[in-house]
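Residues take their numbers from the sequence shown, with the count starting at 1. Just follow the structure's listing: the first ligand is 1, and inside any ligand the first atom is 1.
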Amino acid sequence: MFNLILFGPPGSGKGTQSEKLIVRYGLKHLSTGDLLRSEINRQTALGLAAKSFMDKGQLVPDEVVIGMISSALDENQEVKGFLFDGFPRTSAQALALDNLLELKKNSIGVMLALDVSEEELVNRLVKRGETSGRSDDNNEQVIRARITEYHNKTAAVADYYKKFNKVVMIKGEGSIDEIFEALCKEIDNRI
Ligand code: AMP
């Protein structure tokens, strides 16, 4: 099994690149953002509780997302590997993920971290908000709150995996295909 974390701030291109990577490598895509939006669309209790955090640009509590990931790992036993997108976003989530994988005699192969300037992130998210239909994309204050959450709580997750030599920085500016090829090169070196 090959498990990969695609890491980076909101708007760094994780979703776009994930869609391409799962096709090339046959990995199971686990995006906590997508899972939460699906809960909201189905109007579940979890979705309604998560929405209030998401609409403010805040992270949803750890136990909620860890529970979702735990179920997703159990439901997908026969896959070639997982691509984690938007998870883990806190140190507690990273520890929980390592424990969950260890129970299945698995681990993270590599964290690929997309590096994009803050100005470019805000530009991309404002532009995405014009078409994505995501309520957290069409308000610059919420966009800035999400980037602040990233700096305060999520950036440390890369430090956690750096201790295990698992982090590779990838320039996240350029064409979608250029960034994709840079990501593939790192995966091919490890798979
Ligand atoms: P995303 O689609 O990854 O940009 O996530 C959208 C929103 O969902 C985030 O701003 C958070 O409110 C919430 N979210 C997604 N993934 C997580 C996570 N791993 N931990 C906490 N909140 C999350």
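- At least one test fails for Lys166 against the ring of Tyr161: distance under 6.0 Å to the centre or angle within 45° of the axis.
- Contacts of Gln93 with ligand 1, taken as heavy-atom pairs under 4.0 Å, involve the side chain alone.
- Contact between Lys14 and ligand 1 is absent, with no heavy atom of the residue lying under 4.0 Å from the ligand.
- On a distance-only criterion, Asp34 and ligand 1 share no N/O pair closer than 3.5 Å.
- For Ala94 against Val157, the heavy-atom pair with the smallest separation is CB-CG1, 4.2 Å.
- Residue contacts with ligand 1, taken as heavy atom pairs separated by less than 4.0 Å, involve Arg146 solely via side-chain atoms from C-beta onward.
- No N or O atom of Phe53 sits closer than 3.5 Å to an N or O atom of ligand 1.
- A donor atom on one side chain and an acceptor atom on the other are found under 3.5 Å apart for Ser38 and Arg42.
- With a 6.0 Å radius and a threshold of 12 heavy atoms from other residues, nucleotides or ligands, Ile176 has its CD1 atom at or below the threshold.
- An N or O contact shorter than 3.5 Å is missing between Asp136 and ligand 1 by distance.
- Within the 4.0 Å heavy-atom criterion, the part of Leu36 lying near ligand 1 is the side chain and not the backbone.
- Nearest protein heavy-atom neighbour of atom 16 (N) of ligand 1: Thr32 OG1, 2.8 Å.
- Ring-plane geometry between Phe164 and Tyr160 is classed as perpendicular, the angle between the planes exceeding 60 degrees on a 0 to 90 degree scale with a lower cut at 30.
- Within the 4.0 Å heavy-atom criterion, both parts of Val60, backbone and side chain, lie near ligand 1.
- When all heavy atoms are compared, the tightest approach of Asn76 to Val79 is O-CG2, 3.5 Å.
- Nearest protein neighbour of atom 12 (O) of ligand 1, counting heavy atoms only, is Gln58 O, 2.6 Å.
- When Met54, Arg89, Met68, Lys51 are checked for heavy-atom proximity to atom 5 (O) of ligand 1, Arg89 turns out nearest.
- A donor-acceptor pair under 3.5 Å links the side-chain atoms of Asn3 to the main chain of Phe82, judged by distance alone.
- No N or O atom of Pro88 sits closer than 3.5 Å to an N or O atom of ligand 1.
- Contact analysis puts Arg134 in contact with ligand 1, with a non-hydrogen atom separation below 4.0 angstrom.
- Listed by number with element, the atoms of ligand 1 under 4.0 Å from a non-hydrogen atom of Arg37 are 2 (O), 6 (C).
- Residues Asn189 and Val110 have side chains not in contact (no heavy-atom distance under 4.5 Å, counting atoms from C-beta outward).
- Ion pairing of Asp137 with Lys127 is absent here, as no side-chain N (NZ or NE/NH1/NH2) approaches a carboxylate O to less than 4.0 Å.
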